[in-house]
Structure formats: structure tokens, C-alpha cells
Amino acid sequence: MTQTIDFLSHLNSSQRLAVEHFCGPLLVVAGAGSGKTRALTYRIANLILQHRVDPENILAVTFTNKAAREMKERIEKLFAQQLSVSFTGKPWEALNPDEQTRVRSRIYKTYIKPLWVGTFHALCAKILRFDINKYKDEKGRSWNQNFSIFDESDAQSLVKQIVTQQLNLDDKKFNHKSVRYAISNAKNQGLSPQEFERSQPNYRGRTIAQVYSLYQDKLAENNALDFDDLILVPVQLFQQNEQILAYWHRKFCHILVDEYQDTNRTQYDLIRLLVTGGVESSAFKDWQNRSIFVVGDADQSIYSFRMADFTILMDFQGDFGDGLPDDDTRTMVKLEENYRSRENILQAANHLIEKNTERIDKVLKPTRDPGSPIYYYQAEDEQDEAEFVVQQIRQLQRNTEAENWGDFAILYRTNAQSRPLEEILVRSNIPYHVVGGLKFYDRKEVKDALAYLRSLVNPADTMSLLRTINTPRRGIGKATIDNLVNAASELGVPLWEMLADETSVQTLAGRSAKAVLKFTQLMSQFKDNWRDRKASEIAQAIMEESGYIQDLKSQGTDEAENRLQNVFELFNAILQFEEENLDATLEDFLASASLSSDLDNLQEGQESVSLMTLHSAKGLEFPVVFLVGLEQGLFPNFRSIDDPASLEEERRLCYVGITRAQEQLFLTHARSRRLWATREPAVSSQFLAELPTDLLSNSVPSKRFTTVPSAETAKAPGAKTRKRPSANTPQNWQVGDRVLHTTFGVGNVTHIFSSGTKMSIAVEFSGGGRKILDPAIAPLQRLT
DNA sequence: GGTTGTCTGTTTTTT
DNA sequence: ACAGACAACC
């Protein structure tokens with residue numbers, strides 16, 4: 001045996017169990033910060049180096065593209081360290097940068113590139129590039145390899161078109177967003193339009209089924225798939241074609257799934273089919289040279305709105321595993337040691353999540369010192385909240401040299417909350433970046449450019465063609481377009497075929513015919529040779545020759561200038577994509593663009609403060625975390641408050657937020673918040689009341705006392721200021737105050753009893769019952 | 001066929 | 001507050 005297994009010594013015993021597991025099923029229940037990425041990457045390395053598994057037989061599914069990229073990078077690094085000696089005779093550290101690069105590129109070629117690592121969507125898109133032409137849907141329709149991927153906004157505008165134009169329905173009653181959501185849910189349950197219709201008893205449901213059916217017609221006409229189809233189509237293809245399933249089943253001998261709690265039914269079906277090759281999973285026994293390895297944490301399941309179902313994780317033992325109790329099982333490993341956060345932070349997290357009823361029992365075991373208390377601040381409004389955050393960042397940054405801007409993250413429930421924070425950050429000259437919100441690829445000008453490219457690659461993509469046909473304005477108006485579209489649908493051919501026929505255009509387009517023909521000619525030129533040219537070159541040429549760039553230039557406004565910048569930014573993105581994927585085609589780029597998110601551009605070690613939603617923050621960690629906007633109705637969100645299951649999900653989201661923090665955690669809420677135009681009073685979040693009060697401190701100054709930089713203020717470690725929140729100090733209480741108690745719920749203060757320094761209050765709870773409580777001790781929160 | 005002004009809903013989270 | 005949709009007007 002070579003030096004290839006010494007890296008296993010970096011692991012604790014549970015991690016080692018997970019990593020060394022070879023064949024058969026294994027569920028890894030991995031708490032936040034317990035080193036699950038390490039387990040995944042080391043396992044892949046171990047499969048290859050120790051068990052001589054061919055990298056191309058390994059499939060690793062991640063939740064984001066960023067996670068996929070990181071995993072590949074980490075495996076590459078691990079291999080570099082392990083293989084350096086056998087490649088060059090020298091240990092990795094002894095190599096000069098040049099030699100290092102050479103080793104890395106060799107490793108990349110032999111080990112990393114053949115691996116299948118990516119999101120469900122990206123991997124399925126890749127499978128479909130091979131096999132989609134063998135698929136037929138329930139109406140016998142088929143797609144070809146140049147299919148377009150319609151993103152969420154494409155899908156919604158398609159639904160809207162159908163609702164308002166084809167079916168003439170009231171789009172208030174059949175709001176395109178909710179209809180699209182219903183269709184998405186149906187697809188995620190694997191229901192065809194017909195099956196969905198049968199399950200719908202009432203008018204509304206049946207109408208949605210009708211929209212669904214027409215929606216599928218449109219997708220098929222455009223040779224396009226939506227996000228849900230990317231998973232559903234492979235599943236159905238595998239179900240209808242044994243040979244194709246057998247091929248992929250044989251190929252992917254070792255399957256790893258990260259964030260397994262966030263898989264939905266279709267994704268589960270896909271995994272099950274690939275693992276078993278179509279055999280009933282309980283009957284599947286042939287684990288020779290085959291494994292399914294899933295990693296997840298039910299407490300971090302925060303995507304049920306996307307049909308994620310964490311019971312899939314909880315059922316793993318029954319589906320694939322031996323189903324034995326925890327102490328005897330050989331198909332489950334729990335990673336509970338947390339290497340990320342200070343003990344105080346973990347205790348708060350554990351305490352909070354225990355309030356949930358549906359979970360696998362699991363606690364995060366601290367491995368680090370308690371650290372400073374969790375700071376809590378009640379702000380007047382969102383401005384004050386933002387100023388508090390900035391003030392704390394400044395002070396921490398000044399007092400501890402080690403910390404740079406990249407060590408701070410501000411997390412919130414909704415994207416809209418970033419605004420006031422940004423304003424204050426700008427004013428304070430603190431570098432920051434916002435993750436998420438409007439994606440780069442969602443900008444109008446970028447979508448326009450991509451539409452040009454998509455209609456080149458996929459001539460059936462009428463959606464994209466319609467987007468480009470009169471953008472920039474070239475005198476092709478609505479009437480003309482309607483004529484052409486109607487004629488095309490009459491003949492049952494894609495719009496492009498109509499345009500490509502000169503005589504048809506002459507007769508249909510009337511006085512716009514010239515403009516149409518000019519556009520057709522432009523597109524034809526590119527269609528003739530796009531396969532032979534580089535994607536970056538085509539993009540630049542078509543944006544130039546279509547007059548799009550000239551149009552923006554001539555507008556001369558700041559907005560147009562900005563759009564122009566974004567178009568050039570897109571060119572850069574394509575160039576970069578080509579550098580990273582040497583044999584990449586235009587189709588590859590388009591697929592990657594449709595499936596990319598803003599999160600993917602987040603770089604490690606950035607020298608700026610990160611702002612993002614809690615959802616985006618999953619999987620990340622920061623030394624200092626601010627969790628802002630902890631208000632009833634905002635977080636937990638008002639849509640979840642009445643539904644116990646959704647409320648538990650919000651609590652998990654809070655848990656995710658808390659466990660992002662390594663050293664220090666700040667929790668804030670405002671007493672009033674501007675919602676759209678109006679200012680609304682706000683009540684502190686029940687989650688605050690659910691945290692153990694002895695871990696909270698509000699000793700940071702409540703106002704901007706810039707003249708008194710007290711040592712207590714930001715001197716975090718060891719500060720003996722473990723005080724209770726200000727809401728509980730005696731002078732604050734009045735008869736008539738409303739309170740929220742962790743166990744008794746909401747109530748009114750009816751009496752104040754005070755004797756010297758000691759005081760207590762009487763509370764009448766709306767759920768019934770009166771209690772005399774010591775506000776210094778009782779787990780209650782004053783509602784404003 | 002294009003431009004301007006008014007009205008409306010909009011904010012939960014995302015591959 | 002603000003963007004997108006739609007109608008009225010050029």
C-alpha cells in the first residue's frame with residue numbers, strides 16, 4: 001500500500017466510519033458544522049485511491065453549483081497532497097508554483113474531470129443531452145438535444161399567456177404565479193396533466209389542469225423544458241426505457257447525495273432508479289461494487305416550498321438501510337461534533353430546535369470554548385437596526401485586528417430587507433456585497449442576449465425568437481407578429497420556419513416584410529455556422545450585428561450605459577466559461593447560464609461584508625453573524641404563523657442562521673418597520689423568546705453613544721455582562737403591556753408587584769390562566 | 001407603430 | 001416606492 005491513505009487520520013471516528021464505508025447504503029446524519037463536506041470529499045478520494053473506483057463511475061449530487069465547485073476543488077487539493085510524491089518524487093509543499101500547477105492540471109484531467117459532480121438540475125441536463133431524443137411524453141411528443149431550458153420567469157410568462165390569451169380567464173382569479181406553482185407541484189409529484197386533472201375535484205383545479213396541459217403543449221412546441229422537467233423527464237425516460245436505465249445504472253456505481261433532506265419526490269425517484277436499476281428498493285440486494293451515500297440534516301430542511309420532503313431522509317433506513325436501531329445499525333452514522341461554533345452559539349441553536357416536534361434526535365456537541373454571549377438588540381426601526389449593525393462591525397473591526405470585512409455576514413429573511421442595510425453601509429464606507437436578489441441572468445439585457453443565442457441553437461424556441469424579433473426596434477409590430485404566429489400555429493410549424501420562407505413573409509408581413517426578411521437573414525447567417533465558432537465570438541457578433549449594442553449606445557442614458565456594461569459582462573462570463581471548460585459548446589454555456597444562480601459567484605475570502613437571505617446562507621459560515629429583522633410576521637413569516645408545519649420550517653431556518661456563526665452572533669429586531677409605503681409597528685419574534693435568556697446579552701449600548709466607547713461595548717470575550725434583555729428590567733413594565741411567554745403564549749400584564757429591587761408581574765394569558773412571574777427569570781418577551 | 005402617462009399589485013425563501 | 005401592464009395619444 002502506498003501513502004494514499006494517511007489522510008484518513010484527519011478524521012474523527014464517525015467521519016472515518018462514513019468515509020471508509022465502501023459498498024451498500026449509508027445515511028450520514030450530519031449536524032451543522034460537523035464536517036460533512038469533509039466526509040463527502042474524503043469519501044470520494046478514498047473510493048478512488050483506496051478502492052480503485054474509476055472516477056467516471058461516481059455521481060455526486062450537491063444542492064448548489066457553488067457546492068459542486070467547492071467539492072471538486074477540495075478533492076483536487078487532497079489529491080495534489082496525496083499524489084505529489086508519486087508524481088514528482090517531492091512532497092506538495094516542496095514544489096514550486098509552476099510544478100504545482102502542472103500536478104494540479106494532471107490531477108484535474110485524470111481524476112476530477114471524469115467525476116459527475118453537480119446539482120440535480122445540472123446533472124440531469126447533462127444526461128438529457130445524451131438521451132432526450134429517446135423520450136416520449138404521454139402524448140407521444142419528443143424533444144431533441146438542442147432543447148432550451150426555460151427559467152422561472154419564462155415559465156411564468158408562458159402560464160400567463162395561456163391564462164389570459166388562450167383560455168381568456170380572469171388572471172386575478174388565476175394568478176399566473178399561483179397557477180405556475182400548482183403546476184410545478186403537480187410535476188414534482190410526477191403527475192401528468194391528465195393524472196393531475198383526475199385528482200382535482202373542483203372547477204379551479206380542473207382549470208389549472210387545463211392550463212397545465214396547454215403549458216406542456218407550449219414547452220413541447222418550443223423544444224423546451226422547465227426546471228421541474230429536467231428531473232421529471234429522466235425519471236420517466238428511465239421508467240419507459242429499460243436499456244437506458246440499465247446504462248446509467250451500470251455507470252453510476254457510487255452515488256453520493258448532499259443535503260438529502262432537501263430532495264423532493266422526483267429527485268428521490270431518480271436516485272432510487274439509478275441505485276436499483278428499477279428493482280423495488282426493499283427487494284434490492286445486489287450491493288456488490290455499488291453504494292448509495294446520503295448526507296443530510298432534517299433540522300436544516302428549509303425548502304419545503306420547493307416540494308422538498310425531509311421525510312425522505314427519515315425513511316432512508318427503511319428504504320435502503322437495515323432499519324436497525326441507532327446503536328446496532330450499520331447503515332447510519334451520526335456526525336454530532338461541531339467544529340464551527342462557540343459553545344454558547346450551539347447551546348442556543350440546540351435549545352431552539354428542540355421546540356420542533358418532527359425531527360431525528362440529535363444534538364450539536366461543542367468542541368470549542370463558550371465564547372462571548374449572544375448579543376441582542378432592540379432597534380427603534382430598520383434604520384436604527386442597520387446603524388447598530390454597522391456600529392458593531394466598525395467596533396469589532398477596530399478592536400480586533402484579525403478581523404477583515406469578509407468575516408461579517410448580515411442575514412435576513414427576505415431580500416427586500418437589504419435596502420436600508422445597504423444605505424447605511426454605503427454611507428459608512430464599508431465594502432459589502434449582496435448575494436441573491438436579482439440574478440445577473442435575470443436582467444433584461446442579459447436575457448435578450450441569451451434569447452438571441454437560444455434561438456440560434458434551438459430553432460423551435462419561439463419564446464426566444466419573439467423576444468428578439470423586435471428588440472431592438474426594427475419596425476416589426478404587433479400586427480405583423482400576430483399574423484406570422486397565427487400562420488405558423490395554423491400549419492403546426494415553429495415560427496422560425498415561417499420566417500425562413502421568403503414568400504410566406506412577403507404575403508403575411510405586408511409593409512413590414514422588408515424588416516422581417518432582414519432579421520431572418522441576420523439569423524440565418526449565424527445559424528449556418530454557429531457550431532464552428534466559439535460561443536464568445538458568436539455572442540459578440542450577434543449583439544453587434546443585430547444593432548442591439550448600437551441601440552444602447554445611442555440612447556445615452558445612465559440606464560442604457562449600465563445595460564451595455566451588463567452585456568459586456570455577459571461576454572466576459574462566456575469567455576470565462578470557455579477558459580474553465582475547454583471543450584465547451586454554446587449549448588453547454590446556455591445550460592449553465594439557465595441553471596446558475598447569483599450564489600455561485602460568491603467567492604471565498606472576499607474583502608467585504610456579505611448580505612444575504614437565510615436560505616442563501618445555508619452551507620456557509622462566518623466568524624461574525626448578524627441575524628436581523630427577528631420580528632413576528634417577518635421572521636417567522638406571516639404566511640407561516642398559523643401553520644404548525646411551516647412554523648417549524650421557519651424555526652429550522654432560524655437554526656440554520658444561528659449555526660452559521662463561528663465566534664459571535666448578534667440578533668436584532670426593530671420596534672417598527674417600513675413595509676411598503678407605510679410604517680408598521682413590529683413585535684419581536686417568538687424565536688427570540690424561545691432562546692435561553694441566560695445566553696443572551698444586551699450590554700451593547702442601545703444608542704449611538706459615540707462619545708462613550710465603553711470597554712464593555714465590543715470587548716466580546718469574557719465580558720461578564722450576562723444581563724437579561726432590556727425588556728425585562730423593572731422600570732420597563734406597565735400594567736397593560738402585552739407579553740409572549742414561551743409556554744403560555746400571549747398575555748396581558750394586570751399587576752406589578754415591587755418590593756425594593758425585586759419585582760414580579762401578574763399576567764393574564766389569552767389562552768386562559770393567570771400567572772405571577774418574575775420577569776427577570778421567566779422566558780417571556782414583551783410585545784410592543 | 002411608437003411614446004407617454006396612469007394604474008396596479010407587490011415582498012418569502014430558489015434550482 | 002416602484003416596476004410592469006395597459007390604454008390613450010402622437
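By convention in this document, chain letters (A, B, ...) are assigned in the order of the sequence lines, proteins followed by strands, and residues within each chain are numbered from 1.
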Does [N] have OP1 or OP2 sitting under 4.0 Å from an N or O in the side chain of [X]?
X        : N      : value
A:Asn415 : B:dT13 : yes
A:Thr613 : B:dT14 : yes
A:Ser640 : B:dT12 : no
A:Lys177 : B:dT11 : yes

*asked:* Under 4.0 Å, counting only non-hydrogen atoms across every strand here, what does A:Phe63 touch: a base, just sugar-phosphate, or nothing?
replied: sugar-phosphate
*At under 4.0 Å between heavy atoms, what does A:Asp151 touch on the DNA or RNA strands: base, sugar-phosphate, or nothing?*
nothing
_Ring-on-base stacking B:dT13 with A:Phe305 (under 5.5 Å, under 30°)_ =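 A:Phe305 ring centre within cut-off of B:dT13 base, planes near parallel; stacks.
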*Is the backbone N or O of A:Arg454 less than 3.5 Å from a side-chain atom of A:Asn458, with the two atoms forming a donor-acceptor pair by type?*
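Between the backbone of A:Arg454 and the side chain of A:Asn458 there is no qualifying donor-acceptor contact (under 3.5 Å).
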*asked:* Using a distance-only criterion (donor-acceptor N/O pair, under 3.5 Å, no hydrogens), is the base of B:dT13 paired with the side chain of A:Arg413?
replied: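 Counting by modelled atom types and ignoring angles, a donor-acceptor contact under 3.5 Å is found here.
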_Side-chain H-bond candidate by donor/acceptor type, A:Glu561 with A:Gln565, under 3.5 Å_ = yes
*If the plane angle is over 60° it's perpendicular, under 30° parallel, otherwise tilted; pick one for A:Trp248 and A:Phe252.*
parallel
_Nucleotide-resolved protein contact map, nucleotides 1-6 of chain B, B/S/- at heavy-atom distance under 4.0 Å_ = SSS---
*By side-chain hydrogen bond (donor to acceptor under 3.5 Å, both in side chains), which residues pair with A:Arg180, not counting sequence neighbours?*
A:Glu152, A:Tyr215, A:Asp226, A:Asp228
*Who passes ring pair (Phe, Tyr, Trp, His ring centres under 6.0 Å) against A:Phe638, sequence neighbours left out?*
none
